[in-house]
Amino acid sequence: MTELDEIWSKMLAETAVKASRAGRRHVVEYLLLKTANDAIRAAASTWLLDTMAEIALAKPETLPAVKMERESPHNFTHHSSNMVGSLIRLRSGVRCLTVDAGWVRTPSDGIMKAGALALARIRHFGLPRLDAELRLVRGTELPRWLDTSDVPVDSAYLAAHIAVLLENEKP
């Protein structure tokens with residue numbers, strides 16, 4: 001958690017206490033829901049980025065060839081909304097795979113569409129037809145990432161994108 005995230009969490013908690021003291025139960029309920037959703041978003045985004053990194057760096061023979069960079073906090077746009085989250089950039093020679101995941105944090109950042117809790121993008125430098133947009137949605141038991149065709153995202157899905165980076169295969 002970044003220092004900004006810690007400050008934001010503290011401010012939300014203080015606001016919830018003040019709302020509770022003032023008898024504004026609806027505000028307290030909203031803030032509790034927001035806090036719970038933010039925890040889900042953060043955990044799912046961490047899973048997505050960490051899994052991509054683990055797959056890319058899992059094979060000892062790829063380690064010298066693959067370089068990884070992380071940025072957090074990271075802002076990116078999705079349509080007219082500003083997403084705040086994290087990014088990893090995996091490089092192998094001239095090939096580059098970028099994955100960013102985040103969500104709107106404040107009302108001025110915009111809105112989340114299609115029932116998404118968070119959004120992510122997988123981008124292949126020079127191969128835009130292989131790019132993917134993902135959205136985090138509530139599942140029956142756990143939240144799950146889906147692509148634009150509602151295909152569930154799992155480690156095999158992510159490994160196919162890593163294969164493009166390492167071997168120029170189609171996902």
Side-chain angles (χ1 to χ4, degrees), residues 1-13 15-16 28-58 66 68-91 96-125 128 130-166 171:
M1 182 181 282
T2 67
E3 184 178 351
L4 180 58
D5 288 335
E6 289 177 25
I7 293 169
W8 182 251
S9 295
K10 184 178 178 183
M11 288 173 56
L12 285 177
T15 302
V28 174
E29 289 173 7
Y30 167 77
L31 292 173
L32 291 174
L33 176 64
K34 178 166 181 29
T35 301
N37 283 344
D38 285 351
I40 292 167
R41 293 172 174 126
S45 296
T46 298
W47 173 84
L48 180 70
L49 298 176
D50 287 354
T51 302
M52 290 293 278
E54 287 173 18
I55 293 168
L57 302 173
V66 177
M68 185 179 79
E69 303 168 18
R70 274 192 188 257
E71 289 181 30
S72 187
H74 167 71
N75 290 41
F76 62 100
T77 57
H78 183 263
H79 300 291
S80 60
S81 296
N82 176 53
M83 304 291 155
V84 181
S86 300
L87 166 137
I88 62 167
R89 189 174 291 115
L90 300 163
R91 296 181 190 273
C96 182
L97 176 67
T98 305
V99 184
D100 36 21
W103 60 95
V104 296
R105 302 291 171 101
T106 65
S108 64
D109 284 336
I111 60 170
M112 302 293 295
K113 294 182 180 179
L117 292 169
L119 295 170
R121 296 185 305 194
I122 300 173
R123 293 176 294 158
H124 296 269
F125 177 73
L130 300 178
D131 292 354
E133 285 194 3
L134 312 175
R135 72 185 191 288
L136 180 67
V137 297
R138 292 191 183 283
T140 52
E141 294 179 26
L142 296 171
R144 60 188 178 156
W145 289 102
L146 300 174
D147 71 6
T148 54
S149 300
D150 288 337
V151 172
V153 174
D154 57 11
S155 57
Y157 181 99
L158 301 176
H161 282 281
I162 297 297
V164 173
L165 173 73
L166 299 176

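Positions are given from 1, in the same order as the sequence printed here.
- Here Lys34 contributes atom NZ and Thr15 contributes atom OG1; the two are 11.5 Å apart, rounded to the nearest 0.5 Å.
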Intermediate values then yes/no, side chain to side chain contact (heavy atoms under 4.5 Å, CB included), Ile162 and Leu97: CA-CA 8 Å; Ile162 297 297; Leu97 176 67; 3.6 Å; yes
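- The minimum heavy-atom distance linking Leu90 with Val66 is given by the pair CD2-CG1, 4.3 Å.
- The line from CG of Leu142 to CD1 of Ile40 is 9.5 Å long, rounded to the nearest 0.5 Å.
- Summarising the geometry of Arg144 relative to Pro152, their closest heavy-atom pair is NH1-CG, 4.4 Å, with the distance given to 0.1 Å.
- A side chain to side chain contact (heavy atoms under 4.5 Å, CB included) with Leu134 is found for one member of Leu119, Val99, Ile122 and no other, namely Ile122.
- The distance from the OG1 atom of Thr77 to the CG atom of Asp109 is 11.5 Å, given to the nearest 0.5 Å.
- Across every non-hydrogen atom of Val104 and Asn82, the tightest pair is CG1-O, 3.5 Å.
- Inter-residue side-chain proximity for Glu133 and Asp131 is flagged as unmet; no heavy-atom pair is nearer than 4.5 Å.
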Met83 and Met112: CA distance, side-chain angles, deciding distance, side chain to side chain contact (heavy atoms under 4.5 Å, CB included) verdict: CA-CA 9 Å; Met83 304 291 155; Met112 302 293 295; 3.9 Å; yes
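- Within the structure, the salt bridge (charged side-chain N to carboxylate O under 4.0 Å, His left out) test picks out the following pairs touching residues 70-80 (sequence neighbours left out): Asp50-Arg70, Glu71-Arg89.
- By the side-chain hydrogen bond (donor to acceptor under 3.5 Å, both in side chains) test, Asp154 pairs with no residue at all, sequence neighbours left out.
- In this structure, Trp47 and Leu158 approach most closely via the heavy-atom pair CH2-CD1, 3.9 Å.
- Taken to the nearest 0.5 Å, the OH atom of Tyr157 stands 12.5 Å off from the CD1 atom of Ile55.
- Taking every heavy atom of both residues into account, Ala44 and Leu136 meet most closely at CB-CD2, 3.4 Å.
- Atom CZ of Arg135 and atom CG of Asp150 lie 4.5 Å apart (nearest 0.5 Å).
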Arg105 and Asp38: CA distance, side-chain angles, deciding distance, side chain to side chain contact (heavy atoms under 4.5 Å, CB included) verdict: CA-CA 9 Å; Arg105 302 291 171 101; Asp38 285 351; 5.6 Å; no
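- Taking all atoms of both residues into account, the shortest heavy-atom contact from Leu48 to Ala101 is CD2-CB, 4.2 Å.
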Side chain to side chain contact (heavy atoms under 4.5 Å, CB included) between Leu87 and Arg121, intermediate numbers included: CA-CA 9 Å; Leu87 166 137; Arg121 296 185 305 194; over 6 Å; no
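- The closest donor-acceptor contact from the side chain of Arg41 to the backbone of Leu117 lies under 3.5 Å.
- For the atom pair CZ of Phe76 and OG1 of Thr98, the computed distance is 12.0 Å after rounding to the nearest 0.5 Å.
- With hydrogens and angles disregarded, no donor-acceptor distance shorter than 3.5 Å links the side chain of Ser86 to the backbone of Ser72.
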